Protein chains: 2
Amino acid sequence: MGQISYRQIKEDVRSKVVRGVWALGAELPKEEDMAADYGCARATVNRALRELAEEGLLERKRKSGTRVRQAPVRQARFDIPLVRREIESLGERYTYRLLEREETQAPAWLCARMRLTRPDPVLHLRCLHVAGDTHYQVEDRWINLTTIPAAREADFTTQGPNEWLIATIPFSDVEIGFSATAADADLARDLGCALGDPLFQGERSTWLNDAPVTYVRMVFGRGYKMTTRY
Amino acid sequence: MGQISYRQIKEDVRSKVVRGVWALGAELPKEEDMAADYGCARATVNRALRELAEEGLLERKRKSGTRVRQAPVRQARFDIPLVRREIESLGERYTYRLLEREETQAPAWLCARMRLTRPDPVLHLRCLHVAGDTHYQVEDRWINLTTIPAAREADFTTQGPNEWLIATIPFSDVEIGFSATAADADLARDLGCALGDPLFQGERSTWLNDAPVTYVRMVFGRGYKMTTRY
DNA sequence: TTGAGTTATATGGATAGACATAAAAAAGGC
DNA sequence: GCCTTTTTTATGTCTATCCATATAACTCAA
């Protein structure tokens with residue numbers, strides 16, 4: 001007995017919306033009626049519609065019903081991989097190098113970024129991630145030693161701080177941002193590009209139960225593009 | 001009678017994972033047992049675990065069971081809003097200006113980007129989006145007139161092509177990418193920045209049932225940062 | 001020992017029925 | 001007419017029970 005699946009219903013509804021059978025803003029029949037039409041239980045229709053609403057195609061409200069979103073939400077999802085994995089998945093050999101390591105007090109700009117009230121002691125690391133022969137990314141990492149004192153003892157000469165941190169505190173709240181920056185003398189040297197070259201950079205601040213953990217600035221080599229499809 | 005909700009179970013499981021009660025890679029009890037523990041139906045546990053798996057915290061496989069992901073997937077979700085809405089939600093006045101409009105044949109680089117086999121006729125638009133007094137974004141838009149002939153008649157002097165396209169073909173397949181670029185003479189003039197300034201840019205190619213629709217390059221004013229939290 | 005076939009089992013999914021809840025619509029009071 | 005209260009109703013969620021399906025683990029023969 002061929003039962004109809006919530007997937008089929010999802011696709012049918014999606015197709016009806018895309019083909020314009022239900023226009024933007026139009027109201028869909030209620031779950032009960034759709035279930036009768038499809039010859040299935042209400043729960044099956046419910047799951048299909050609920051998932052489509054999560055994906056941003058539909059809008060649902062108790063009592064008022066389900067309608068096609070006026071402006072379907074366009075959202076891009078980027079997986080944030082470990083640099084090492086990203087490079088390896090490109091089929092390139094991954095090399096890592098620690099350029100610099102110092103223990104200091106958080107400068108004012110860092111206190112602002114990490115929402116610190118006092119200039120906590122921090123570990124500042126500067127690392128290079130290489131893909132084959134090309135200098136892929138410079139990682140400028142600041143770790144709060146008050147929150148993560150264990151970082152003081154960690155050896156970052158063979159393993160990047162990102163991987164160490166993920167193994168140490170796998171779950172945290174994150175704020176992430178992407179922007180463009182110009183290569184300064186250090187970046188030009190480390191990434192092998194010209195002074196002033198436009199570079200793509202990501203910045204990430206991390207908290208563990210509201211305690212500031214780390215701030216990192218990841219500057220990518222010339223021509224890097226972060227892409228996705230949806 | 002206080003029934004337990006799938007949300008509570010989700011939070012309880014999440015907390016157990018975050019607190020390390022279940023370590024990375026550890027196997028969770030089977031749904032049936034968890035349901036017995038929580039005193040609820042298996043479907044309730046199922047929904048909680050299913051959603052946590054979707055969020056990237058857990059990994060599930062038939063017969064083998066549920067376990068905590070070794071490397072919890074870190075994914076960032078960016079909502080891609082209309083420039084107008086983005087600017088308005090900043091509390092700024094939105095102004096739009098059409099800088100240039102020409103009908104031509106797709107140049108070679110565009111054919112590559114849009115996966116065109118022939119140099120189709122295209123409509124090329126150059127637009128400026130202004131937030132208050134600051135030049136916010138330059139939109140460099142190419143519309144395939146073979147796929148969307150109606151664009152030839154559309155008036156883009158008052159409404160941006162992005163909004164027109166969304167109203168005309170709300171659903172499509174999209175490939176999106178972000179990178180850094182240097183301001184050329186045109187960009188420097190239109191965005192009011194210096195020649196060579198590093199600028200953040202997004203590129204988007206769009207298809208409707210495999211037919212190439214449009215390619216757009218959106219270059220943002222100096223200092224723009226695309227941010228999100230998770 | 002190894003490969004092919006079988007079985008057991010955890011998740012995946014469907015159903016019917018019940019109650020909860022938010023909010024639109026109707027009813028009532030002034 | 002206008003505000004408050006009640007009713008109605010579509011979605012939200014839970015239960016109990018079924019069958020489906022992938023696959024790990026086992027069986028057994030070559």
Side-chain angles (χ1 to χ4, degrees), chain A residues 1-17 21-73, chain B residues 1-17 21-73:
Chain A
M1 175 76 199
Q3 274 178 119
I4 196 163
S5 114
Y6 80 96
R7 287 164 200 278
Q8 290 169 264
I9 296 180
K10 260 180 90 168
E11 277 325 298
D12 188 59
V13 171
R14 199 202 300 281
S15 133
K16 278 188 173 125
V17 171
V21 177
W22 289 319
L24 289 186
E27 186 164 351
L28 271 60
K30 61 185 189 189
E31 291 185 351
E32 223 174 334
D33 295 350
M34 290 185 70
D37 287 351
Y38 286 116
C40 69
R42 183 168 80 88
T44 310
V45 173
N46 179 282
R47 178 157 180 197
L49 297 184
R50 175 161 40 85
E51 293 194 0
L52 286 172
E54 245 163 52
E55 289 170 24
L57 189 76
L58 304 178
E59 215 169 6
R60 321 192 72 199
K61 228 161 73 185
R62 266 184 198 166
K63 159 77 186 172
S64 22
T66 304
R67 46 185 64 234
V68 183
R69 270 198 129 89
Q70 279 292 350
V73 177
Chain B
M1 173 79 196
Q3 274 178 122
I4 196 164
S5 110
Y6 79 97
R7 285 163 199 278
Q8 288 169 265
I9 297 179
K10 259 180 92 168
E11 276 326 297
D12 188 58
V13 170
R14 195 200 303 280
S15 133
K16 277 185 174 127
V17 171
V21 177
W22 288 321
L24 289 188
E27 185 164 353
L28 272 60
K30 61 186 188 191
E31 291 185 351
E32 222 173 335
D33 294 350
M34 291 185 70
D37 287 351
Y38 286 116
C40 68
R42 183 169 78 91
T44 308
V45 173
N46 180 280
R47 178 157 180 195
L49 297 185
R50 177 160 38 84
E51 293 195 0
L52 287 172
E54 246 164 51
E55 289 169 25
L57 189 76
L58 305 178
E59 215 169 7
R60 322 193 70 202
K61 226 161 75 186
R62 267 185 200 168
K63 160 76 186 173
S64 20
T66 303
R67 47 186 63 235
V68 183
R69 270 198 126 89
Q70 280 290 352
V73 176

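In what follows, chains carry the letters A, B, and so on, assigned in the order in which the sequence lines appear, proteins first and then strands, with residues in each chain numbered from 1. A quick note: this is a predicted structure, and the numbers were derived from the prediction, not measured.
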- Message: With a 3.5 Å cut-off and heavy atoms only, can you find an N or O donor on one side and an acceptor on the other between the side chain of Arg42(A) and the base of dG17(C)?
- Response: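 It does not, because no donor-acceptor pair links the side chain of Arg42(A) to the base of dG17(C) below 3.5 Å.
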- Item | Closest heavy-atom pair and its distance - Leu24(A), Gln70(A) |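 Reported closest heavy-atom pair: CD1-O, 3.4 Å.
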- Counting only heavy atoms not in Glu32(B), do more than 12 sit closer than 6.0 Å to its CD atom? no
Looking at [X], does any N or O in its side chain come under 4.0 Å of the phosphate oxygens OP1/OP2 on [N]?
| X | N | answer |
| --- | --- | --- |
| Thr44(B) | dT15(D) | yes |
| Lys30(A) | dA10(D) | yes |
| Thr66(B) | dT11(C) | yes |
| Lys61(A) | dA24(C) | yes |
| Tyr6(B) | dT13(D) | yes |

[atom1] of [X] versus [atom2] of [N]: gap in Å, rounded?
| X | N | atom1 | atom2 | result |
| --- | --- | --- | --- | --- |
| Glu31(B) | dA10(C) | CD | P | 10 Å |
| Glu32(A) | dT15(C) | CD | P | 14 Å |
| Arg50(A) | dC14(D) | CZ | P | 10 Å |
| Leu49(B) | dT11(C) | CG | C1' | 10 Å |
| Asn46(A) | dA14(C) | CG | C1' | 13 Å |
| Leu28(A) | dA10(D) | CG | C1' | 13 Å |
| Leu58(B) | dA10(C) | CG | P | 17 Å |
| Glu51(A) | dG12(C) | CD | P | 12 Å |

- Item | Touch class at under 4.0 angstrom, heavy-atom based, for Arg47(B) against every strand present |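 Sugar-phosphate contact only - Arg47(B) comes under 4.0 Å of backbone atoms but never of a base.
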- Message: What contact category does Arg7(B) fall into here, base, sugar-phosphate, or nothing, at under 4.0 angstrom with non-hydrogen atoms?
- Response: sugar-phosphate
- Please tell me if the side chains of Thr66(B) and Met34(B) come closer than 4.5 Å, counting only heavy atoms from C-beta onward. no
- Message: Using only atom types and a distance under 3.5 Å, with no angle test, would you say the side chain of Glu11(A) pairs donor to acceptor with the backbone of Gln8(A)?
- Response: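 No, the answer is negative, given that no donor and acceptor are paired below the 3.5 Å cut-off.
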- Message: Between Arg67(A) and Gly25(A) (side chain of the first, backbone of the second, donor and acceptor by atom type, cut-off under 3.5 Å), is there such a pair?
- Response: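 Here the side-chain-to-backbone pair exists.
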- Message: Judged by each residue's nearest nucleotide on DNA chain D, which is more toward the 5′ side, Lys63(A) or Ala43(A)?
- Response: Lys63(A)
- Measure from the side-chain heavy atoms of Ser5(B) and tell me the nearest of dC14(D), dT11(C), dT21(C). dC14(D)
